[in-house]
Amino acid sequence: MGIKVGIIGCGTITKVRHAPEYKANPYVDEIIFFDRNLERATALANEFGGRVAQTVEELLTDPTVEVISDCSSNEFHHVFSTKALLSGKHVLCEKPISLTVEHANEIVEAQMKSGKKLMVDHNQRFTRTHQKAKEIIKNEELGKVLTFRTTFGHSGPEQWSVNKSNSTWFFKKERSSLGVAGDLGVHKVDLLHYLLDDEIEKVSAFQGALDKINEHGEPIEVCDNIVCSLKTKKGRLGTASFSWTYYGEEDNSTIIYCEEGILKIYHSNQYQLEVIQKNGERVYYKLESIQTNDNQTNSGVIDAFIDCIRLEQEPIVTGNDALSSLKVILGIMEAAEKGSVITI
């Protein structure tokens, strides 16, 4: 018997990532969809050969469902992921894990109490390029890391969300809360923690709603751009910018400056990883192209999650990993609001 999976929330992330990747996984034999909008759930059940649950309770009390993907909007993660864990399900939660530390702790505590697996979908850890970069950094092939800069930006979530309009929940303060920082920034914070085997400790930042408007033609209630200065526990210094206004081309690049040279990640269209040594020697790696909103490839997240359940392994991104990234994002938001340096 294969694994039965329940998915809560049938928006774009379910349609382009979770559903097709579960469908393609040889160990999964059924997907059950739930969404407050029954039509949306029915459409995905038809598309991926699954069935529909009428309520969340139906999904969580079904003893045959072992796994839940929580693809609800950010403000509901602590409700659904916590309930699912305490109902004895393994949970893959979309990022950010939650909007507050208190709610994130609820999920982490539910995981400890239940003994089930909890993984959070910080998918940048899973790309071969980032894994190769981590290996080079860990082996100190370019000496120690001194400074870094990273960016993540595209033309905005209204191009991505289900109804393709600027009424998207991403623009609503009470629902997305953290704006572009919670949408894109949290990915890069997690990536920096992963690549550097370090944690961001001090932050300062500027933010603004520079260009996006809501369905009423007013500036959105959350930031569409944020630019940060970061210092890690091990004393590395860096900058990060996150944007919903990179019109024309996505940018998902990271540059790591070390004692003996530079690592450029997703900086060139031709090579995903470039190593430039102090003496001018260059090594180019062609590994795979990173996912963009327009180019969806298998993220590897679902396969890794199913494997960690099947093989009793620790998830690649734990609840605590996600919690420490959330704390940094909340610190960045506080720094931008207060105009001061915040210690995480």
Side-chain angles (χ1 to χ4, degrees), residues 95 119-153 184-203 227-242 249-292 295 297-301 303-304 307-308 311 313-318 320-322 324-325 328 344:
K95 58 80 215 166
M119 190 163 101
V120 182
D121 187 5
H122 285 290
N123 55 28
Q124 300 226 344
R125 293 189 182 213
F126 295 84
T127 77
R128 285 174 55 210
T129 303
H130 286 144
Q131 288 174 349
K132 183 67 184 170
K134 181 177 172 71
E135 189 187 302
I136 291 168
I137 292 166
K138 191 179 177 188
N139 296 338
E140 294 195 359
E141 290 174 36
L142 294 171
K144 291 186 168 41
V145 173
L146 303 172
T147 62
F148 56 87
R149 63 184 162 106
T150 191
T151 190
F152 193 2
L184 303 183
V186 76
H187 271 306
K188 286 300 189 164
V189 168
D190 179 74
L191 178 68
L192 289 168
H193 286 173
Y194 171 73
L195 287 179
L196 303 178
D197 191 24
D198 197 354
E199 281 188 28
I200 294 161
E201 186 177 51
K202 287 186 188 299
V203 298
V227 178
C228 329
S229 301
L230 312 168
K231 184 180 183 189
T232 73
K233 286 182 178 171
K234 294 181 184 174
R236 287 101 162 221
L237 304 178
T239 59
S241 10
F242 313 123
E249 192 176 41
E250 274 195 34
D251 189 349
N252 205 336
S253 62
T254 302
I255 305 180
I256 311 282
Y257 301 91
C258 307
E259 294 168 312
E260 300 298 327
I262 299 169
L263 268 177
K264 291 187 172 185
I265 306 166
Y266 296 122
H267 196 260
S268 136
N269 288 335
Q270 204 176 355
Y271 301 103
Q272 290 78 45
L273 186 59
E274 302 165 82
V275 179
I276 302 156
Q277 295 175 0
K278 209 175 187 173
N279 62 9
E281 280 178 31
R282 289 169 180 257
V283 184
Y284 297 106
Y285 293 89
K286 235 184 162 76
L287 293 151
E288 93 285 59
S289 60
I290 195 162
Q291 295 191 349
T292 65
N295 172 36
T297 51
N298 188 316
S299 67
V301 172
D303 293 347
D307 283 351
C308 87
L311 308 170
Q313 295 165 341
E314 177 79 350
I316 293 176
V317 192
T318 64
N320 282 320
D321 291 334
S324 65
S325 298
V328 174
I344 310 301

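Everything numeric here is computed off the predicted structure, so don't read it as measured data. Numbering of residues begins at 1 and proceeds along the displayed sequence.
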Legend entry - Steps toward side chain to side chain contact (heavy atoms under 4.5 Å, CB included) verdict (I344, V203): CA-CA 8 Å; I344 310 301; V203 298; 4.0 Å; yes
Legend entry - Non-neighbouring partners of T151 that pass side-chain contact (heavy atoms from CB on, under 4.5 Å), sequence neighbours left out: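 Here the qualifying residues are S241, Y246, D251, S253.
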Restricting to non-hydrogen atoms, name the atom on [X] and the atom on [Y] that form the minimum distance, rounded to 0.1 Å.
{"X": "L142", "Y": "C258", "answer": "O-CB, 3.0 Å"}
{"X": "I316", "Y": "A304", "answer": "CD1-CB, 4.2 Å"}
{"X": "V301", "Y": "M119", "answer": "O-CE, 3.5 Å"}
{"X": "L184", "Y": "G153", "answer": "CD1-CA, 4.0 Å"}
{"X": "A133", "Y": "L263", "answer": "O-CD1, 4.1 Å"}

Legend entry - D197 with K134: basic N within carboxylate O range, under 4.0 Å: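 No.
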Legend entry - Lys/Arg-Asp/Glu bridge criterion (N-O < 4.0 Å) met for E199, K233: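 Yes, E199 and K233 are salt-bridged.
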Legend entry - Reference residue L273; test side-chain contact (heavy atoms from CB on, under 4.5 Å); the match among H267, K286, K132: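 The option that passes is K132.
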Inset, instruction - Report the relative orientation of the aromatic rings in H187 and F152; use parallel for angles under 30°, tilted for 30 to 60°, perpendicular for over 60°. - result: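 H187 and F152: tilted rings.
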Is the shortest side-chain heavy-atom distance between [X] and [Y] below 4.5 Å?
{"X": "L230", "Y": "F148", "answer": "yes"}
{"X": "Y285", "Y": "I136", "answer": "yes"}
{"X": "R236", "Y": "D198", "answer": "yes"}

Counting distance only, does the side-chain N/O of [X] pair as donor-acceptor with the main-chain N or O of [Y] below 3.5 Å?
{"X": "D121", "Y": "K95", "value": "no"}
{"X": "R128", "Y": "L287", "value": "yes"}
{"X": "T318", "Y": "P315", "value": "no"}
{"X": "E259", "Y": "K144", "value": "yes"}

Legend entry - Worked verdict on Y266 versus H130 for ring-ring contact (aromatic ring centres under 6.0 Å, His included): CA-CA 9 Å; Y266 296 122; H130 286 144; 5.1 Å; yes
Legend entry - Residue among N252, T254, D190, T150 satisfying side-chain hydrogen bond (donor to acceptor under 3.5 Å, both in side chains) with Q124: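 Among N252, T254, D190, T150, the one that satisfies the side-chain hydrogen bond (donor to acceptor under 3.5 Å, both in side chains) with Q124 is N252.
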Legend entry - side chain to side chain contact (heavy atoms under 4.5 Å, CB included) between H193 and D321, intermediate numbers included: CA-CA 9 Å; H193 286 173; D321 291 334; over 6 Å; no
Inset, instruction - Determine, stepwise, if the pair I262 / V275 fulfils side chain to side chain contact (heavy atoms under 4.5 Å, CB included). - result: CA-CA 6 Å; I262 299 169; V275 179; over 6 Å; no
Legend entry - Any side-chain donor near an acceptor of the partner, R149 and Y257, under 3.5 Å: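 The criterion, which ignores hydrogens and geometry beyond distance, is satisfied for Y257 and R149.
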Inset, instruction - State, without any angle test, whether E260 and N279 hold a side-chain donor-acceptor pair at a distance under 3.5 Å. - result: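 No, because no side-chain N or O of E260 sits under 3.5 Å from a partner of the opposite role on N279.
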Inset, instruction - Check whether more than 12 heavy atoms from other residues, nucleotides or ligands sit under 6.0 Å from atom CG of N269, and answer yes or no. - result: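 12 or below, so no.
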Inset, instruction - Under the side chain to side chain contact (heavy atoms under 4.5 Å, CB included) rule, what do C228 and F242 come out as? Steps first, then yes or no, please. - result: CA-CA 9 Å; C228 329; F242 313 123; 4.0 Å; yes
